[in-house]
A.B. asks: 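Got a structure for you, written out below as structure tokens; questions coming shortly.
Chain letters run A, B, ... following the sequence lines, proteins first and then strands; every chain starts at 1.
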Number of protein chains: 2
Amino acid sequence: MGAATLADVAARAGVSVATASRALSGSRPVAPDKRRRVLEASRALGYQPNAVASALRASRTRTVGLLLPRYSTLFLSALIEAVSTSLDDHDVALVLRHADPDEAFDTHVRALRARRVDGIVLSAPSIEAGRAAVAGAGDVPVVQVGRFVDPDATDSVGLDEDRATGLLSDHLAAGGARHALAVGLDPATPADRRRLAALRTAGEQARLSLRVAAFDGSDLNGGIRAGERLVAQGFSGHDSIVAANDEVAAGLMAVLRLNAVRVPGDVQVASLLDLTPGARTHAVTTLRHPWPAMGREAVRLLQQPRRPEDDVARRVQLAPALVIAPSTRSPETVSAQEKS
Amino acid sequence: MGAATLADVAARAGVSVATASRALSGSRPVAPDKRRRVLEASRALGYQPNAVASALRASRTRTVGLLLPRYSTLFLSALIEAVSTSLDDHDVALVLRHADPDEAFDTHVRALRARRVDGIVLSAPSIEAGRAAVAGAGDVPVVQVGRFVDPDATDSVGLDEDRATGLLSDHLAAGGARHALAVGLDPATPADRRRLAALRTAGEQARLSLRVAAFDGSDLNGGIRAGERLVAQGFSGHDSIVAANDEVAAGLMAVLRLNAVRVPGDVQVASLLDLTPGARTHAVTTLRHPWPAMGREAVRLLQQPRRPEDDVARRVQLAPALVIAPSTRSPETVSAQEKS
DNA sequence: TTGTAGGCGTTATCAT
DNA sequence: ATGATAACGCCTACAA
């Protein structure tokens, strides 16, 4: 036999189901003694309200879908965790689906609609995939998260990478940098081109010139190769290095250390992208993506849905945080040096 | 107004809801022409069956809960993906919850029970947490997955790490190793202590001695630091290195290469844990955890629930696969060298 | 083969 | 303040 129902609780407490419901939900006043009896009966029977029945009655499941491409990275893992945690606070359940990258997203959207989710958070691997998903969502509210977003179609949460690179440029300049070298960025890809442009723009403000090193990969070995070339050819005036991400920076740092190049003494090193969202300590100054805040914002946008017609899609832009490590000179250090 | 219901479809097709239901589910024969009309009406209205109503009626949600500790690692990320993908094949939805490590798991178990999940997959951060969760689950089937499992309480899926470390020891020994150094493992944590014990046991069989290097972190930088110490202090007879995971190994390899230490010529390097389940090529010999299989097994155990009394808890043990890369000497290479 | 009707568990409405 | 009752949408005995 199944779990206790509201009717069981009501019977045991000697009241009607209506009263029992009101006593438990607090939706209306109930006489104190009856209320007490209901609560007692509920505990005695181990009553668990049936969310399915409640959802049917209310036409609201308190459930949102999260739809992601397969082949997870730490990125997506951090996003899942952020959304999941934010939803817990609202007592909303998360239904997760992974789509094959080449697979049509709308199959999954349909599955989520069948489950009557109250909303969908979507991180598509391309703008087109996102558009298809949005089209299939019908009147279910959708929030797009991540890099590939059609900002006009639905509410969305994105990263303000330009702002972030600005922070980094300013920090390096405040530490005395004048000539920066970008390592591990591939001008052949649109995303990296955009980052370089942002760095350049920010650099102009901060009087920080930028040169782009030849691309040899954006991973550990890429950093090592770049470092070796750099050591062999000399720094030719560069006093700071901006690495594409923490891995490139780690490889670079290893080579520099081996060759007795002092960091940050001879050259400052920073990274544009923190790859270890969970890490407590960092060896390299880096930009950390604000995953928890992104999750919170996505959930907030879903919980406060805009009305479809009379409003424009909302777009939240969050800036990564600058995490300062001893691979760069903080302003304090600079002033201390200037004093000496 | 909401989505089309079965009644709408039936009305449009000029049949009763019962006939419409049967036509769509195929649970009973329906006259061909009526069937066609129902399908037509269904498509015309964009009918999506309401899984909530269906679940209420059937007392079955086609939903399972996945309960994990927060602070995701790639480990958990791979597990999520594996379970999620396996469930899709069964048309079962995944409800995901992240628990704070110190937080009581049973709060989350209650939430899942309220949602009437058909089963729960659990990866607890400790045996105690798992036990509490199992106790709170009542008659909802539970499968425990991962390292901390009470094998008597419920069905479970585990990793045969001892077997795996044995494979690795044998492989290194077959490549000529006699003295191994463990890097990136922290004897202060129970999990790593256990791995070290397993390595030691397996080593005795294979005549491979084991020393444990000082712990400096189990990530990329930890590997780099360990490598630098090793190069500075000399290898003192060690002919092979067992790294805690691929990241540590990558850092190590980078430093070794920079210092012209030949791998596997001077020293073999292997990793205990593949962190990039998707990768096609590996630079380091490693143990790949069978995530997809673990997900499949967990789902299978849930779908074929044992009867509570008259049976014993099932335990599936899966062994990681040894993925051989050029960082170790394969037996073939050894025999070739022995010939020369 | 088809239709009618009851019930899954909850909550809102309408009386009292 | 409380109780009876009607939905929410689907499925399936049971009847025809």
Side-chain angles (χ1 to χ4, degrees), chain A residues 1-39 41-42 45-63 91 93 113-118 140, chain B residues 1-39 41-42 45-63 91 93 110-111 113-118 140:
Chain A
M1 56 140 280
T5 74
L6 194 56
D8 300 331
V9 174
R12 189 177 224 264
V15 299
S16 72
V17 285
T19 301
S21 171
R22 299 195 264 251
L24 290 170
S25 74
S27 64
R28 301 207 144 211
V30 168
D33 59 326
K34 301 203 172 180
R35 208 245 295 273
R36 201 175 27 72
R37 283 191 351 247
V38 169
L39 293 175
S42 163
L45 295 174
Y47 171 68
Q48 290 281 2
N50 184 328
V52 176
S54 184
L56 179 60
R57 171 65 227 227
S59 303
R60 174 156 187 238
T61 52
R62 304 193 68 82
T63 292
D91 191 33
R113 290 234 285 172
R115 292 235 142 58
R116 296 302 191 266
V117 296
D118 299 330
V140 179
Chain B
M1 51 139 280
T5 75
L6 193 56
D8 300 331
V9 174
R12 189 177 225 265
V15 300
S16 72
V17 285
T19 301
S21 171
R22 300 197 262 253
L24 290 170
S25 73
S27 65
R28 303 207 145 210
V30 168
D33 59 326
K34 300 203 174 179
R35 207 244 296 273
R36 200 175 29 71
R37 273 176 16 229
V38 168
L39 293 175
S42 163
L45 296 174
Y47 171 68
Q48 290 281 2
N50 184 328
V52 176
S54 189
L56 179 59
R57 167 66 226 230
S59 304
R60 175 159 187 235
T61 52
R62 305 193 68 82
T63 292
D91 192 32
R110 254 199 301 285
R113 290 235 286 173
R115 293 230 140 60
R116 295 300 189 269
V117 294
D118 299 329
V140 180

A.B. asks: Please determine if a side-chain N or O atom of B:S54 lies less than 4.0 Å away from the OP1 or OP2 oxygen of D:dC11.
C.D. replies: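 Yes, such a contact exists.
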A.B. asks: Figure out the CZ/P separation between B:R62 and C:dC8, and round it to whole Å.
C.D. replies: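 Atom-to-atom, B:R62 to C:dC8, this comes out as 22 Å.
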A.B. asks: Are more than 12 heavy atoms from other residues, nucleotides or ligands located less than 6.0 Å from atom CZ of B:R35?
C.D. replies: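 It does not: B:R35 CZ has 12 such atoms or fewer within range.
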A.B. asks: Indicate the atoms forming the closest heavy-atom contact of A:A114 with B:Q48, along with that distance.
C.D. replies: CB-OE1, 4.3 Å
A.B. asks: Please find the pair of heavy atoms, one from B:V9 and one from B:A41, that lie closest to each other, and give the distance.
C.D. replies: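 So the two residues come closest at O-CB, 3.7 Å.
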A.B. asks: Pick base, sugar-phosphate or nothing for B:V30, based on heavy-atom distances below 4.0 Å to the nucleic acid.
C.D. replies: sugar-phosphate
A.B. asks: Taking atom C1' of C:dT10 as reference, at what distance in whole Å does atom CG of A:L56 sit?
C.D. replies: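 In whole Å, C:dT10 C1' and A:L56 CG are 9 Å from each other.
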A.B. asks: Establish, with yes or no, whether the OP1 or OP2 oxygen of C:dG3 is under 4.0 angstrom from a side-chain nitrogen or oxygen of B:S16.
C.D. replies: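 Yes, because at least one side-chain N or O of B:S16 sits under 4.0 Å from OP1 or OP2 of C:dG3.
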A.B. asks: Okay, side chain of B:R37, backbone of B:A13: is any donor-acceptor separation there less than 3.5 Å?
C.D. replies: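 Yes, because the side chain of B:R37 sits within donor-acceptor range (under 3.5 Å) of the backbone of B:A13.
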A.B. asks: Of the non-hydrogen atoms in A:V52 and B:L56, which two are nearest, and what is the gap between them?
C.D. replies: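 Minimum heavy-atom separation between A:V52 and B:L56: CG1-N, 3.6 Å.
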A.B. asks: Measure CZ/B:R115 against P/C:dC8 and give the value in whole Å, please.
C.D. replies: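 Taking CZ of B:R115 and P of C:dC8, I get 22 Å after rounding.
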A.B. asks: Hey, which of these two, B:T5 or A:G14, hits DNA chain D nearer its 5' end, going by closest nucleotide?
C.D. replies: A:G14
A.B. asks: It should be established whether A:T19 places a side-chain nitrogen or oxygen under 4.0 Å from OP1 or OP2 of nucleotide D:dT2.
C.D. replies: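 For A:T19, the contact criterion (side-chain N or O under 4.0 Å from OP1 or OP2 of D:dT2) is not met.
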A.B. asks: Taking for each residue the nucleotide of DNA chain C with the nearest heavy atom, is it B:R28 or B:R57 whose nucleotide lies nearer the 5' end?
C.D. replies: B:R28
A.B. asks: With the side chain of A:A31 defined as its heavy atoms from C-beta on, choose the nearest nucleotide among C:dT4, D:dA1, C:dT10.
C.D. replies: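 Taking heavy atoms from C-beta onward, the closest nucleotide is D:dA1.
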A.B. asks: May I ask you to say what B:L6 touches in the nucleic acid, namely base, sugar-phosphate or nothing, with a heavy-atom cut-off under 4.0 Å?
C.D. replies: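 Sugar-phosphate: the residue B:L6, judged by heavy atoms under 4.0 Å, touches backbone atoms but no base.
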A.B. asks: Between P on D:dC10 and CD on B:Q48, what's the gap in Å once rounded to a whole number?
C.D. replies: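 About 11 Å, once rounded to whole Å.
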A.B. asks: Toward the 5' end of DNA chain C, which comes first, B:R22 or B:A58, by nearest nucleotide?
C.D. replies: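 Nearest nucleotide further toward 5': that of B:R22.
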A.B. asks: Measuring to OP1 and OP2 of D:dT2, would you say a side-chain N or O of A:K34 lies under 4.0 angstrom away?
C.D. replies: yes
A.B. asks: Ignoring backbone atoms, test whether B:S21 places a side-chain nitrogen or oxygen under 4.0 Å from the OP1 or OP2 oxygen of D:dC11.
C.D. replies: yes
A.B. asks: Once you round it to whole Å, what is the distance between P of D:dC11 and CZ of B:R60?
C.D. replies: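 In whole Å, D:dC11 P and B:R60 CZ are 13 Å from each other.
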A.B. asks: Starting at CZ of A:R35 and ending at P of D:dA1, how long is that distance when rounded to a whole Å?
C.D. replies: 11 Å
